[in-house]
> 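Here's a structure for you.
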There are 2 protein chains.
Amino acid sequence: MFKALSEETRVRIVGLLTGGERCVCDLVAILNLPQSTISRHLTILKNAGWVASRRKGVWMYYRLAETKNPLHQGLLAAFRANLPSVKALAADRKKMAAYLKSKPAAGCD
Amino acid sequence: MFKALSEETRVRIVGLLTGGERCVCDLVAILNLPQSTISRHLTILKNAGWVASRRKGVWMYYRLAETKNPLHQGLLAAFRANLPSVKALAADRKKMAAYLKSKPAAGCD
DNA sequence: TTCTAATATCCGGAAAAGCGGATGGATGCA
DNA sequence: TGCATCCATCCGCTTTTCCGGATATTAGAA
């Protein structure tokens, strides 16, 4: 559960997902890392219960997962409340905002 | 910050410290691991800001650290609220309770 | 069915983290 | 000052994790 958050890229992903559901291609574009790397991190987050996924056509959308584990709920609440103002993640949020505006031209709907 | 919690022993230490301040020898007794291992983990937790220490004579007492980082505060609150009921940590708590009773005979005050 | 695009998994090598005995430093007491 | 105890750090070794190109899988469109 904590091990899944022990890697910077995975925390960045969780940070981005506090902004809502995103597909893998979005994350690849923002994080600027190989697709295989992003996908591997998403699998780890999913196995740990931090995120859930939904298929829509060819695209997989990932979001923060709902859970019944009280500790997990508490931590998620802390994330939703505080991650959006963490400085270290500001660049990602900014990039995502710009990306979302130009998205219709970019690809996945 | 999260990396420091990515190791089971360190989570167990945080779990034990939700019960209050403990000295290194207490933790060595409960966790049944070499002193150097415990000390190394404590250093990591301290550098990450999760715990603080206080010297009393020859003994070093460790406790959960107070912090002004909002995210950190939120996570810590979730720990204090929920770790005490996490099953995986029950054995440690039980052992600590028994240990504390017999402590006057055991050593550090 | 065939092709294309999005995503997941595989795999060999590199990097990081963990381990614990040995050692060193600090403190209190005689 | 000498000694004993508690704790922190060092160091060689083992284990785990990460990386990313290559490959496999899946869904939709032609």
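Just so it is clear: chains get the letters A, B, ... in the order the sequence lines come, proteins before strands, and each one is counted from 1.
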> Set out, in order, the CA-CA distance, both residues' side-chain angles and the distance that settles salt bridge (Lys or Arg N to Asp or Glu O under 4.0 Å) for B:Glu21 and B:Arg54, then state yes or no.
CA-CA 10 Å; B:Glu21 197 177 53; B:Arg54 165 177 82 87; 2.7 Å; yes
> To the nearest Å, how far apart are B:Tyr61 OH and C:dA26 C1'?
16 Å
> For a quick check, with a 4.0 angstrom heavy-atom cut-off, what is the B/S/- contact string for nucleotides 25-30 of chain D, read 5' to 3'?
--SS--
> Rounded to the nearest angstrom, tell me the gap between atom CZ in B:Arg54 and atom C1' in C:dT27.
15 Å
> Is the centre of the A:Trp50 ring less than 6.0 Å from the centre of the A:Tyr62 ring?
no
> Send over the distance from A:Lys3 NZ to C:dA17 C1', rounded to a whole Å.
11 Å
> With a 4.5 Å limit on heavy-atom distance, are the side chains of A:Arg80 and A:Leu64 in contact?
yes
> So, using side chain to side chain donor-acceptor pair (under 3.5 Å) as the criterion, who are the partners of A:Arg10 when residues are at least two apart?
A:His41
> In whole angstrom, give the distance that lies between atom CH2 of B:Trp59 and atom C1' of C:dA26.
14 Å
> So do B:Val24 and B:Met60 actually touch side chain to side chain, heavy atoms under 4.5 Å?
yes
> Determine, step by step, whether B:Ile13 and B:Arg22 satisfy the side chain to side chain contact (heavy atoms under 4.5 Å, CB included) criterion, reporting the C-alpha distance in whole Å, the side-chain angles of both residues, the deciding distance to 0.1 Å, and the verdict.
CA-CA 10 Å; B:Ile13 290 174; B:Arg22 299 286 179 259; over 6 Å; no
> Going from CZ on B:Phe2 to CG on A:Leu5, what distance comes out if it is rounded to the nearest 0.5 angstrom?
5.5 Å
> Nearest to the side chain of B:Cys23, which nucleotide is it out of D:dT9, C:dA8, D:dC7?
D:dC7
> According to a 4.5 Å side-chain heavy-atom criterion applied to Ile, Leu, Val, Met, Phe, Trp and Tyr, with indirect links allowed, do A:Ile44 and A:Leu16 form part of one hydrophobic cluster?
no
> Just wondering, do A:Leu42 and A:Leu27 contact through their side chains at under 4.5 Å, heavy atoms?
yes
> A:Leu45 CG to C:dT7 P: how many Å, rounded?
16 Å
> Return the value, rounded to whole Å, for the distance between atom CZ of A:Phe2 and atom P of C:dG18.
15 Å
> Using heavy-atom distances to pick each residue's nearest nucleotide on DNA chain D, tell me which of B:Leu42 and A:Glu7 is more 5'.
B:Leu42
> Within less than 4.0 Å of OP1 or OP2 of C:dA8, is there a side-chain N or O belonging to A:Tyr62?
yes
> Take atom CD1 of B:Ile44 and atom C1' of D:dC10, then tell me their distance rounded to the nearest Å.
14 Å
> Mind running a 4.0 Å heavy-atom check of residues 32-40 of chain A against DNA chain C and sending the residues that fall below it, in number order?
A:Gln35, A:Ser36, A:Ser39
> Determine: side-chain N/O of A:His41 to OP1/OP2 of D:dC18, distance under 4.0 Å, yes or no.
no
> Using whole Å, what does the distance between atom P of nucleotide D:dC18 and atom CZ of A:Arg12 come to?
15 Å
